[in-house]
**Student:** 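Here's a structure for you.
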Amino acid sequence: MENVKSLSLDGVKTMEEKKLVGFRGVGGDIADFQEEIPKASMELAKRKNEIKHLVEPVKLIGAFKASETSEDDDGYWSCFEVHDFEDIPEGMVTLTVPAQKYAVLNFTGRASEIYRVYDHLHLWIDENGHKRTPDKWTLEIYSKWSENEDIVDLCDPIL
């Protein structure tokens, strides 16, 4: 995997409910999402001062379901976590992700390589006796995002 600087498994973590505010992208194939997600993330970063009650303004969160369960769940959400929903900025949406158990892998590298890194995480899940739940929300929690490098926790929902 070129451009993958580092992978480290963080194991299993349970995360509390997350209230998210940001942009939702719908439709297209992986190439479309690889182009649109960074654009949405940069636009969201420019407008984060419009979002009230931010939890951690340095952590951008991507959310999606690996298997679509309904039209309402289709797409990719680029968001920031908030304590409460209030006065949602124009053009933005809200999403509540219930508490969930995740297998977590930390990735440092280019965003365009992330989809390939999931194979490592899925293999670890299988080898450690867990079961993936693709109908639940997958989270990508970015502590750094730029054109050249991202630092992200890939959080795949498990039983």
Side-chain angles (χ1 to χ4, degrees), residues 1 4 6-30 32-34 36-38 40-41 44-45 48 51-86 88-89 92-145 150-159:
M1 271 188 283
V4 174
S6 115
L7 296 174
S8 64
L9 280 158
D10 287 347
V12 174
K13 293 182 180 179
T14 300
M15 294 191 198
E16 297 302 315
E17 175 185 88
K18 293 194 175 299
K19 294 178 181 177
L20 306 176
V21 173
F23 296 119
R24 175 185 178 198
V26 180
D29 59 17
I30 193 144
D32 292 334
F33 280 115
Q34 285 179 331
E36 295 305 317
I37 291 169
S41 299
L44 184 62
K48 75 177 168 185
I51 302 171
K52 294 185 176 181
H53 310 295
L54 287 172
V55 173
E56 288 187 72
V58 295
K59 288 198 175 180
L60 183 117
I61 299 176
F64 66 94
K65 288 189 176 180
S67 68
E68 296 170 27
T69 54
S70 76
E71 207 172 283
D72 292 337
D73 295 342
D74 186 25
Y76 187 95
W77 279 254
S78 296
C79 301
F80 284 108
E81 186 177 7
V82 297
H83 293 287
D84 293 299
F85 296 130
E86 182 184 345
I88 305 307
M92 293 190 195
V93 296
T94 63
L95 174 67
T96 302
V97 176
Q100 176 66 42
K101 185 164 66 168
Y102 293 94
V104 180
L105 179 134
N106 181 271
F107 165 73
T108 300
R110 296 176 75 86
S112 61
E113 295 296 314
I114 287 176
Y115 75 97
R116 292 185 184 136
V117 174
Y118 275 104
D119 291 340
H120 294 282
L121 183 55
H122 297 162
L123 181 62
W124 183 89
I125 290 168
D126 290 343
E127 289 176 346
N128 286 274
H130 300 287
K131 182 175 178 353
R132 293 185 60 227
T133 54
D135 60 329
K136 306 289 185 198
W137 291 102
T138 297
L139 300 177
E140 298 177 343
I141 303 174
Y142 293 79
S143 53
K144 176 184 178 185
W145 65 98
D150 296 292
I151 299 173
V152 58
D153 285 335
L154 304 178
C155 307
D156 202 31
I158 59 171
L159 291 176

**Student:** Tell me, with the steps shown, if F107 and L121 meet side-chain contact (heavy atoms from CB on, under 4.5 Å).
**Tutor:** CA-CA 10 Å; F107 165 73; L121 183 55; over 6 Å; no
**Student:** Can you tell me how far apart OH (Y76) and CZ (F23) are? Round to the nearest 0.5 Å.
**Tutor:**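 Interatomic distance, Y76 OH to F23 CZ, rounded to 0.5 Å: 14.0 Å.
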**Student:** Applying side-chain contact (heavy atoms from CB on, under 4.5 Å), run through K101 and L159 and close with a yes or a no.
**Tutor:** CA-CA 7 Å; K101 185 164 66 168; L159 291 176; 5.7 Å; no
**Student:** So which heavy atom on H120 is nearest to which on L105, and how close?
**Tutor:**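 The answer is CB-CD1, 4.3 Å.
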**Student:** Side-chain contact, heavy-atom cut-off 4.5 Å: V58 with S143?
**Tutor:**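 Sidechains of S143 and V58: no contact.
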**Student:** To the nearest 0.5 Å, how far apart are CG in L95 and CZ in F64?
**Tutor:**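 Those atoms lie 12.5 Å apart.
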**Student:** Among residues at least two apart in sequence or on other chains, which ones pass side chain to side chain contact (heavy atoms under 4.5 Å, CB included) with C155?
**Tutor:**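 Only M15, Y102, V104, L139, I141, D153 meet the side chain to side chain contact (heavy atoms under 4.5 Å, CB included) criterion with C155.
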**Student:** Measure the spacing between CG of D119 and CH2 of W124 and express it to the nearest 0.5 Å.
**Tutor:**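 It comes to 16.0 Å.
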**Student:** I'd like to know whether T94 forms a side-chain contact (heavy atoms from CB on, under 4.5 Å) with V82, so could you lay out the CA-CA distance, the side-chain angles of the two residues, the decisive distance to 0.1 Å, and finally the verdict.
**Tutor:** CA-CA 10 Å; T94 63; V82 297; over 6 Å; no
**Student:** To the nearest 0.5 Å, what is the distance between CZ (F80) and CD (E56)?
**Tutor:**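 It comes to 11.0 Å.
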**Student:** To the nearest 0.5 Å, how far apart are CG in L154 and CG in D10?
**Tutor:**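 Answer rounded to 0.5 Å: 10.0 Å.
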**Student:** If you look at every heavy atom in E86 and K52, which pair is closest and at what distance?
**Tutor:**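 That would be OE2-NZ, 3.8 Å.
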**Student:** Can you give me the closest heavy-atom contact between F85 and L20, atom names plus distance?
**Tutor:**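 Closest approach of F85 to L20: CE2-O, 3.4 Å.
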**Student:** Look at atom NZ of K59 and say whether more than 12 heavy atoms of other residues, nucleotides or ligands are closer to it than 6.0 Å.
**Tutor:**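 Atom NZ in K59 is not crowded, with 12 or fewer foreign heavy atoms closer than 6.0 Å.
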**Student:** With sequence neighbours excluded, what pairs up with H122 under the side chain to side chain donor-acceptor pair (under 3.5 Å) test?
**Tutor:**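 For H122, the residues satisfying side chain to side chain donor-acceptor pair (under 3.5 Å) (neighbours in sequence not counted) are R132, D156.
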**Student:** Rounded to the nearest 0.5 Å, how far apart are OG1 of T133 and CD1 of I158?
**Tutor:**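 Here the rounded value is 8.0 Å.
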**Student:** Looking only at heavy atoms, what is the nearest atom pair of Y142 and I114, with distance?
**Tutor:**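 Where Y142 meets I114 most closely, the heavy atoms are OH-CD1, 3.4 Å.
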**Student:** With sequence neighbours excluded, give me every salt bridge (charged side-chain N to carboxylate O under 4.0 Å, His left out) pair touching residues 15-24.
**Tutor:**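 The answer is K18-E81, K19-D84.
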**Student:** Restricting to non-hydrogen atoms, name the atom on S78 and the atom on L44 that form the minimum distance, rounded to 0.1 Å.
**Tutor:**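 Nearest pair, atom of S78 first, then L44: O-CD2, 3.1 Å.
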**Student:** Heavy-atom distance under 4.5 Å between the side chains of P89 and V21, does that happen here?
**Tutor:**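 Touching, per the 4.5 Å side-chain cut-off.
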